[in-house]
Amino acid sequence: MMGSMRTVADLMTSPAITAGPDEQLAEAAERMRTAGVGSVVVVEENRPVGILTERDLVRSSAAATTDGLVREWMTPDPDCVGPDIEVADAWRSLAAHGYRHIPVVVAGELKGIVSMRDLMAVAQLRPVEGSFTDVPRGLKGVVVAETQVGDVRGLEGFYHYRQYSAIDITTKRSFEDAWYLLLEGELPTWADRERFDAEVGALRTLPDPLRDVLPNIARAGGEHAGPLEGLRTAVSLLATAEGFRPTLDIDRATLRANALRVCAVVPTIIAALHRLAAGQDPIDPDQRLGHASNYLYMLTGAVPDPERARAIERYMTSTIDHGFNASTFTARVVTSTGADLGSALVAAIGSLSGPLHGGAPSRALDTLDAIGSPERTDAWVRNAMASGQRIMGFGHPVYRTVDPRSEMLKGTARELGGSLVEFAEKVESTVLSVLAELKPDRQLHTNVEFYAGVVMELCGLPRPLFTPTFAVSRTVGWCAHILEQAADNRIIRPSARYVGPPPPQPVPDRD
Ligand SMILES: CC(C)(COP(=O)(O)OP(=O)(O)OC[C@H]1O[C@@H](n2cnc3c(N)ncnc32)[C@H](O)[C@@H]1OP(=O)(O)O)[C@@H](O)C(=O)NCCC(=O)NCCS
């Protein structure tokens with residue numbers, strides 16, 4: 001029946017088991033037991049006049065009698081349904097009555113019987129017109145889950161990690177504190193941090209199966225492959241090599257251990273892939289360094305100066321989580337199927353790679369390059385807008401005011417100083433005034449990518465590492481959401497409205 005409407009006739013049992021109204025109750029009960037059915041249709045000249053169910057038998061035995069006639073115990077004048085009625089319509093019109101079995105009749109004559117349970121199963125598999133809920137394209141503004149991980153308030157220019165301003169966490173605490181907060185639900189004490197540092201520090205080392213194949217992964221895609229593509233492959237392999245099991249089959253402690261392992265080793269994988277692509281040997285992690293410092297160290301082999309390490313740590317801490325963005329949603333959808341943490345992260349990395357999400361933080365810097373000098377900004381922006389382009393690093397799907405990450409990173413860029421920062425600030429103010437003039441009814445502000453690019457450039461990160469560096473921090477956010485989804489799971493399975501040619505079309509014969 002694929003593709004066509006299912007009707008009651010498709011589901012009914014025919015012929016139905018029947019009884020006469022003047023039959024002894026005990027005889028009808030015996031027939032029900034023998035046939036293994038929960039009810040019989042009571043008929044006179046094949047016309048339903050009542051329905052006798054197990055419940056009626058229970059009532060009669062509670063009254064300590066089985067001698068009596070069917071008509072005394074049956075429900076008279078039962079609701080009936082025609083065989084050509086669509087299942088969903090039948091279910092909707094009958095569900096309110098609480099009947100379990102419905103006689104199917106044509107012109108008053110009994111043709112069969114259908115159970116409400118069967119009707120419901122099919123009706124729910126194929127929702128009818130009217131039981132769809134249409135939502136805006138892209139699910140914009142639609143609440144699809146409850147979370148305690150954090151939230152973004154676009155009108156206020158505010159976002160938080162588990163009730164604490166994410167910007168305050170970024171400026172006052174370390175990456176590891178934020179990581180602990182997201183995964184464990186509270187900020188760590190000193191003792192907690194000591195234990196946590198030892199735990200995650202030991203998890204940074206590449207497992208042998210991965211160490212062996214990373215050179216091939218780095219080489220495999222040739223010039224098209226970058227560290228993000230390599231990371232996607234490596235996380236998949238890691239999850240298999242370390243025996244990650246479906247979230248459905250493991251407890252929270254095991255899932256947490258999986259999560260810590262991936263969060264800890266992702267920087268090592270990215271740094272190794274980056275070096276291997278440049279023909280250099282990977283550098284082993286240094287457990288004495290913090291997460292961000294160690295990442296920079298593994299890229300170059302030099303312990304970074306504290307100012308740069310702190311700048312990258314700020315970028316990373318401020319991008320751990322940011323509401324129900326596309327990759328976070330992706331991670332939760334995969335987790336909702338009960339799949340393992342590795343599968344959810346591979347999917348999330350794929351989602352992050354898209355230029356409309358995390359895949360283009362270097363484009364804002366490319367824009368600065370293209371503008372070249374501050375006095376060209378006005379003309380360049382007008383020209384770009386006239387040809388329908390968006391100015392990279394400006395505008396945001398949620399913020400209708402200043403992006404707080406942009407403000408914080410601008411401060412960080414200023415602390416690092418230099419001509420690039422001065423240039424970026426001049427370009428920013430001109431772009432904002434041109435955007436305000438050309439799009440007066442829009443609230444277009446600088447987004448996180450503008451100064452993130454500047455900060456990463458000043459800290460010596462090559463542009464191909466911008467998105468992978470974003471992945472280092474966002475892996476922690478994804479894991480927090482995966483843990484939350486797994487703890488209170490329901491499969492995420494929305495509907496789509498079919499808008500193609502009406503089915504079923506005849507399948508053409510082969511020539
Ligand atoms: C981030 C972005 C996709 C958000 O999109 P959005 O909130 O859905 O905004 P809309 O697409 O509804 O755009 C609103 C209006 O502002 C304009 N606009 C938005 N961002 C703009 C930008 N960066 N440059 C020029 N115009 C922009 C749009 O053209 C649109 O104008 P219209 O209504 O006259 O067509 C968008 O601002 C953008 O493309 N920015 C540049 C890319 C970027 O920096 N991405 C990183 C995001 S963190």
Side-chain angles (χ1 to χ4, degrees), residues 135-142 150-159 166-167 170 228 314-330 348 351-371 376-410 412-413 424 427-457 463 466-471 473-474 477:
V135 294
R137 273 164 70 90
L139 301 181
K140 197 162 186 157
V142 177
D151 191 23
V152 181
R153 296 196 200 147
L155 292 177
E156 296 165 43
F158 173 82
Y159 72 115
I167 296 299
T170 299
L228 194 70
R314 281 185 168 190
Y315 165 69
M316 284 171 36
T317 310
S318 67
T319 50
I320 286 180
D321 186 54
H322 202 245
F324 239 67
N325 57 82
S327 58
T328 298
F329 184 42
T330 303
S351 188
L352 187 78
S353 72
L356 295 184
H357 184 11
S362 56
R363 292 191 187 196
L365 269 189
D366 296 341
T367 298
L368 286 182
D369 285 352
I371 291 172
R376 282 170 40 113
T377 309
D378 188 283
W380 192 94
V381 173
R382 285 177 197 280
N383 193 26
M385 297 279 285
S387 63
Q389 286 178 47
R390 303 263 173 116
I391 313 302
M392 292 295 145
F394 296 86
H396 193 272
V398 180
Y399 289 123
R400 291 293 169 258
T401 178
V402 175
D403 181 336
R405 300 166 301 178
S406 159
E407 283 298 283
M408 188 271 297
L409 290 170
K410 184 183 195 166
T412 303
V427 169
E428 181 194 22
S429 70
T430 309
V431 172
L432 289 176
S433 57
V434 176
L435 285 174
E437 181 195 323
L438 298 181
K439 298 273 177 192
D441 52 340
R442 301 284 171 188
Q443 289 288 330
L444 298 176
H445 299 270
T446 319
N447 65 43
V448 62
E449 293 194 353
F450 191 75
Y451 284 106
V454 173
V455 167
M456 286 196 264
E457 179 105 329
R463 293 185 196 187
F466 285 10
T467 302
T469 304
F470 184 11
S473 55
R474 193 49 66 86

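Quantities reported herein were computed from a predicted structural model and do not represent experimental measurements. Indexing begins at 1, ligand by ligand and atom by atom, following the structure's order. All values below were derived from every heavy atom in this structure, side-chain atoms included, with hydrogens, water molecules and symmetry-related copies excluded.
Side-chain polar atoms of Thr319 and Ser473 form a donor-acceptor pair below 3.5 angstrom.
A salt bridge does not link Glu449 with Arg405: every distance from a Lys NZ or Arg NE/NH1/NH2 to an Asp or Glu carboxylate oxygen is 4.0 Å or more.
Rounding to the nearest 0.5 Å places CD of Glu156 at 14.5 Å from CZ of Arg400.
A ring-centre distance under 6.0 Å is not found for Phe394 and His445.
By the side-chain contact (heavy atoms from CB on, under 4.5 Å) test, Thr330 pairs with Ala347, Ser351, sequence neighbours left out.
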Give a table of atom pairs where an N or O of ligand 1 lies under 3.5 Å from a protein N or O.
residue: ligand 1; atom: 7 (O); partner: His396; partner atom: O; Å: 3.1
residue: ligand 1; atom: 7 (O); partner: Arg400; partner atom: NH2; Å: 3.4
residue: ligand 1; atom: 8 (O); partner: Lys140; partner atom: NZ; Å: 3.4
residue: ligand 1; atom: 11 (O); partner: Arg390; partner atom: NH1; Å: 3.2
residue: ligand 1; atom: 11 (O); partner: Arg390; partner atom: NH2; Å: 3.1
residue: ligand 1; atom: 23 (N); partner: Ile391; partner atom: N; Å: 3.3
residue: ligand 1; atom: 23 (N); partner: Ile391; partner atom: O; Å: 2.8
residue: ligand 1; atom: 23 (N); partner: Phe394; partner atom: O; Å: 2.8
residue: ligand 1; atom: 24 (N); partner: Ile391; partner atom: N; Å: 2.8
residue: ligand 1; atom: 29 (O); partner: Arg390; partner atom: NE; Å: 3.4
residue: ligand 1; atom: 31 (O); partner: Lys439; partner atom: NZ; Å: 3.1
residue: ligand 1; atom: 33 (O); partner: Arg442; partner atom: NE; Å: 3.3
residue: ligand 1; atom: 33 (O); partner: Arg442; partner atom: NH2; Å: 2.6
residue: ligand 1; atom: 34 (O); partner: Lys439; partner atom: NZ; Å: 2.7
residue: ligand 1; atom: 37 (O); partner: Phe394; partner atom: O; Å: 3.4
residue: ligand 1; atom: 39 (O); partner: Arg390; partner atom: NH1; Å: 3.1
residue: ligand 1; atom: 40 (N); partner: Phe394; partner atom: O; Å: 2.9
residue: ligand 1; atom: 44 (O); partner: Gly393; partner atom: N; Å: 2.8
residue: ligand 1; atom: 44 (O); partner: Asn447; partner atom: ND2; Å: 2.9

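Here the shortest heavy-atom pairing between Glu457 and Phe466 reads N-CZ, 3.9 Å.
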